[in-house]
Novice: 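Below are the structure tokens for one structure; questions will follow.
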Amino acid sequence: MPIFIIAALRTPAARIHGAKIMQFVSLVSHSRDIDACALLDLREKNCEKADVCQLNTVLHDVDRDVSHHDPEKTECDQNLNPDWYRFLDIPGITMPTECPDPDKCGTSFPGWLSSSHPTVTEGEVAGTVCFSRSSDMCCHQSKNIRVKNCSSFYVYYLVPTSCPYRYCFTHN
């Protein structure tokens with residue numbers, strides 16, 4: 001679950017024959033919190049740790065709501081890049097923790113968090129998303145994810161699914 005930080009630096013050492021050259025630094029870390037200042041040695045700048053609560057992608061699809069019913073729709077997350085996501089950028093929106101009915105959230109196999117959401121103290125935890133087809137088939141397929149409590153919202157490290165499996169949200 002790497003996070004990539006790309007920074008452009010202008011440094012005195014980057015001057016060749018009077019011309020300023022941009023140096024590009026790509027840093028890869030398997031840590032969720034990266035001290036970019038220490039890694040880049042940026043003593044002159046005010047830096048803070050890169051945190052997935054601040055660096056995440058918002059999924060704006062309102063039809064991901066488990067109350068949305070459309071048996072004709074079969075959206076999926078096969079093109080989702082492995083990354084940290086949150087739903088709609090609205091506090092109180094979370095992944096459901098109960099098995100939804102089929103044909104909800106714009107797909108025939110809605111995804112729900114079969115593990116619990118972490119507390120703020122627990123921070124980031126491993127979780128499992130199940131994709132249900134019916135009440136007697138609540139975990140037709142599953143994906144391992146990560147979940148982090150960001151105080152007023154949650155972020156989820158999601159991975160691509162096959163079709164027609166899709167991650168869903170609910171209002172709490």
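Computed from heavy atoms alone, side chains included, the values below leave out hydrogens, waters and symmetry copies. Just so we're clear, the structure is a prediction, and the values are computed from it rather than from any experiment.
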Novice: Quick one: are V120 and E122 in side-chain contact, heavy atoms under 4.5 Å?
Specialist: no
Novice: Taking all atoms of both residues into account, what is the closest heavy-atom pair of T128 and N144, and its distance?
Specialist: OG1-OD1, 3.8 Å
Novice: Are more than 12 heavy atoms, taken from residues, nucleotides or ligands other than Q78, located less than 6.0 Å from that residue's CD atom?
Specialist: yes
Novice: Strictly below 4.0 Å, N to O, side chains only: are D51 and K148 in salt-bridge contact?
Specialist: yes
Novice: Is there a continuous path of hydrophobic side-chain contacts, each under 4.5 Å between heavy atoms, that joins V66 to V129?
Specialist: no
Novice: Can you find a side-chain donor-acceptor pair between D101 and H69 that sits under 3.5 Å?
Specialist: no
Novice: Could you tell me whether a side-chain N or O of W84 sits under 3.5 Å from a main-chain N or O of R146, the two making a donor and an acceptor?
Specialist: no
Novice: Exactly one of S132, P96, C130, C99 should register a side-chain contact (heavy atoms from CB on, under 4.5 Å) with P110. Which one does?
Specialist: S132
Novice: Step by step, would you call Y167 with Y85 a ring pair (Phe, Tyr, Trp, His ring centres under 6.0 Å)?
Specialist: CA-CA 11 Å; Y167 299 106; Y85 295 90; 8.2 Å; no
Novice: Do F131 and Y165 have their ring centres less than 6.0 Å from each other?
Specialist: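 For F131 and Y165, the ring centres are under 6.0 Å apart.
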Novice: Are Y156 and H117 close enough that their ring centers fall under 6.0 Å?
Specialist: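 Distance test on ring centres: under 6.0 Å, yes.
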Novice: How many angstroms lie between atom OG1 of T170 and atom CZ of F87, to the nearest 0.5 angstrom?
Specialist: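 Here the rounded value is 10.5 Å.
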Novice: Quick one: CD on E72 to OG on S108, what's the gap to the nearest 0.5 Å?
Specialist: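 Rounded to the nearest 0.5 Å, the CD-OG separation comes out at 11.0 Å.
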Novice: Considering only NZ, NE, NH1 and NH2 on the basic side and carboxylate oxygens on the acidic side, decide whether D77 and K143 come within less than 4.0 Å.
Specialist: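 Salt bridge absent between D77 and K143.
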Novice: Okay, side chain of R133, backbone of H140: is any donor-acceptor separation there less than 3.5 Å?
Specialist: no
Novice: Pairs of donor and acceptor atoms involving the side chains of residues 56-63, under 3.5 Å and at least two apart or interchain, shall be tabulated with distances.
Specialist:
| unit_1 | atom_1 | unit_2 | atom_2 | d |
| --- | --- | --- | --- | --- |
| N56 | ND2 | V52 | O | 2.9 |
| N56 | ND2 | C53 | O | 3.2 |
| D61 | OD2 | R64 | NE | 2.9 |
| D61 | OD2 | R64 | NH2 | 3.4 |
| D63 | OD1 | R166 | NH1 | 3.3 |
| D63 | OD1 | R166 | NH2 | 3.2 |
| D63 | OD2 | K73 | NZ | 2.3 |

Novice: State, to 0.1 Å, how close Y154 and V147 come at their nearest heavy-atom pair, and which atoms those are.
Specialist: CD2-CG1, 4.1 Å
Novice: Any chain of hydrophobic side-chain contacts (each under 4.5 Å) joining V155 to F169?
Specialist: yes
